[in-house]
Amino acid sequence: MANNEDLLKKIIAHAKEYGFVFQSSEIYDGLSAVYDYAQNGSELKKNIRDYWWKSMVQMHENIVGIDTAIFMHPSIWKASGHVDAFNDPMIDNKDSKKRYRADVLIEDHLAKIEGKIDKEVAKAAKRFGDSFDEKQFKETNPRVLANLEKINGIKNRLYPAMDNNDMDAIKTLIEDVGIVCPMSGSKNWTEVRQFNLMFSTKMGSTAEGANEIFLRPETAQGIFVNYLNVQKTGRMKIPFGIAQTGKAFRNEIVARQFIFRMREFEQMEMQFFVRPGEEMKWYEYWKEQRMEWHKSLGIPAEKFRFHDHDKLAHYANAAADIEFDFPMGFKELEGIHSRTDFDLSAHEEHSGKKLRYHDPELNQSYVPYVVETSIGLDRMFLAILSNSYTEEDLGEGNSRVVMKLPPVLAPYKIAVFPLTKKDGLPDKAREIMDKLKSDYMCFYEEKDAIGKRYRRHDAIGTPYCVTVDHQTLEDNTVTIRERDSMVQERISIDDISGVVRERLVG
Ligand code: ATP
């Protein structure tokens, strides 16, 4: 654990030092859980977005992309259930003045008890060696049984209390279990209150006449309310999808872990409209497709896993997360949800407008069912950074930090260096740069020794460095150095583009 926490700290420091991510409003001491993407970060973020868009929209003839407004009619959030149900229970500790999500405090407490059981099992496994039967041990050991009973007792009170919005019951549970504030160690808690995660603002020129509107907490609703417009104008036939990327806002009670949980973030969502009754087939299809997408970036398969939901949101009949092994452990990166006809039916009801599809094959009209894939762009960014950050010992006291980014996502694809600032080498290097820069993001640098320049580009993940030397002036060849292997090859200037392209496509 300590090592992984160290890794997150190192990634945060590296992201700042090398121009990936800055704390928002840093010169005013920052704004909590809001971040700015810097010169390299915004390129990486854009490349992730483009990679997603290309695979979802360009590669699927039956998926189109849209870009809807952040502000929407307030009734949309009533219909979608967000006004009434997009809440988290919060509680404050009066001594530390720290705020917590009440359900997370209880979940953390449960995790501690589970940890005790795991320790008990590990101890016994050591004692009994090969003859150890874990299942039997768990079913008979009195200490394990007592802890399991505690866990079930707590869950049997927590889940109904959450379902019934019974804040008093949650408070009583926290008191009965004896949960203390991790900061102050005290049990001096406030009441538990429901906290709606939507940000609101006023629209209109005068405060009196103003209408409260919300900053969207998900991009999906912009797709739902435009479903019929897109279907008609695009002459889309079911099954078809609508994709969109864009900002979403949630007033998270506890926001931490860098860009994992932000108050302003970006989503990449796709709603796939299907015939009622066929949703489970498409749900399974998109689960698999999305997992393949992640693996296509060359990230090892063992870094991902599915987590199927037992407890479903009010709109879903099946849901799974794709979890990634972040430095903080396995956590949700993407959700795949079978949302039934919940949203479209709710919008029919609240708007009074029909949102039906006439299926020419069945000669029937119906409200389509929806399977959604929803991924956080910032979380994907953190997943990519965590997977790519590598410290390498090069022997003889040398080391390097290299960002082994998937080349297709790297902010710069090629760095061009003249070996020295003399003898016309910069002019030649500039010529190469001009040739390549309309096809690739290229970086030109002539300052410092070549080794130092290589290290700087290792640190931002540039897959290729091209060096122009005296031989270049004679035979039009350069050395091209590959980031991960550090292998250098001599190739013709005319071949640079092809070598790089091959790697990007691969
Ligand atoms: P969590 O349980 O982590 O709060 P969620 O289940 O509420 O997430 P969804 O509503 O399914 O998340 O949103 C879809 C995706 O949007 C998530 O898988 C995640 O990648 C991203 N996301 C959600 N909330 C945030 C946030 N506060 N900051 C960054 N990304 C987020």
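Asp92 is linked by a side chain to side chain contact (heavy atoms under 4.5 Å, CB included) to Arg99, Thr190, Arg193, counting only residues two or more places apart in sequence or in another chain. Residues forming a salt bridge (Lys or Arg N to Asp or Glu O under 4.0 Å) with Asp166 (at least two apart in sequence, or on another chain): none. Scored by the salt bridge (Lys or Arg N to Asp or Glu O under 4.0 Å) test, Lys138 finds Glu134 as partners (sequence neighbours excluded). Shown here are the side-chain hydrogen bond (donor to acceptor under 3.5 Å, both in side chains) partners of Lys281, two or more places apart in sequence or in another chain: there are none. Looking at residues two or more places apart in sequence or on another chain, you find no side-chain hydrogen bond (donor to acceptor under 3.5 Å, both in side chains) involving Asp484. Not a single side-chain hydrogen bond (donor to acceptor under 3.5 Å, both in side chains) links Arg250 to another residue, sequence neighbours left out. Partners of Glu191 according to the salt bridge (Lys or Arg N to Asp or Glu O under 4.0 Å) rule, which considers only residues two or more places apart in sequence or in another chain, are Lys171. Asp393 is linked by a salt bridge (Lys or Arg N to Asp or Glu O under 4.0 Å) to nothing, counting only residues two or more places apart in sequence or in another chain.
Applying the ring-ring contact (aromatic ring centres under 6.0 Å, His included) test to pairs two or more places apart or on separate chains, none has a residue in residues 152-183. Applying the side chain to side chain donor-acceptor pair (under 3.5 Å) definition to pairs two or more places apart or across chains, those involving residues 112-133 are Glu120-Arg143. Note on residues 103-128: no pairs pass ring-ring contact (aromatic ring centres under 6.0 Å, His included), not counting sequence neighbours.
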Side-chain donor/acceptor pairs under 3.5 Å, residues 321-335, sequence neighbours excluded:
from, atom 1, to, atom 2, distance (Å)
Asp321, OD1, His309, NE2, 2.9
Asp321, OD2, His309, NE2, 3.0
Glu323, OE1, Arg305, NE, 2.8
Glu323, OE1, Arg305, NH2, 3.0
Glu334, OE1, Arg290, NE, 3.4
Glu334, OE1, Arg290, NH2, 3.2
Glu334, OE1, His294, NE2, 2.9
Glu334, OE2, Arg290, NE, 2.7

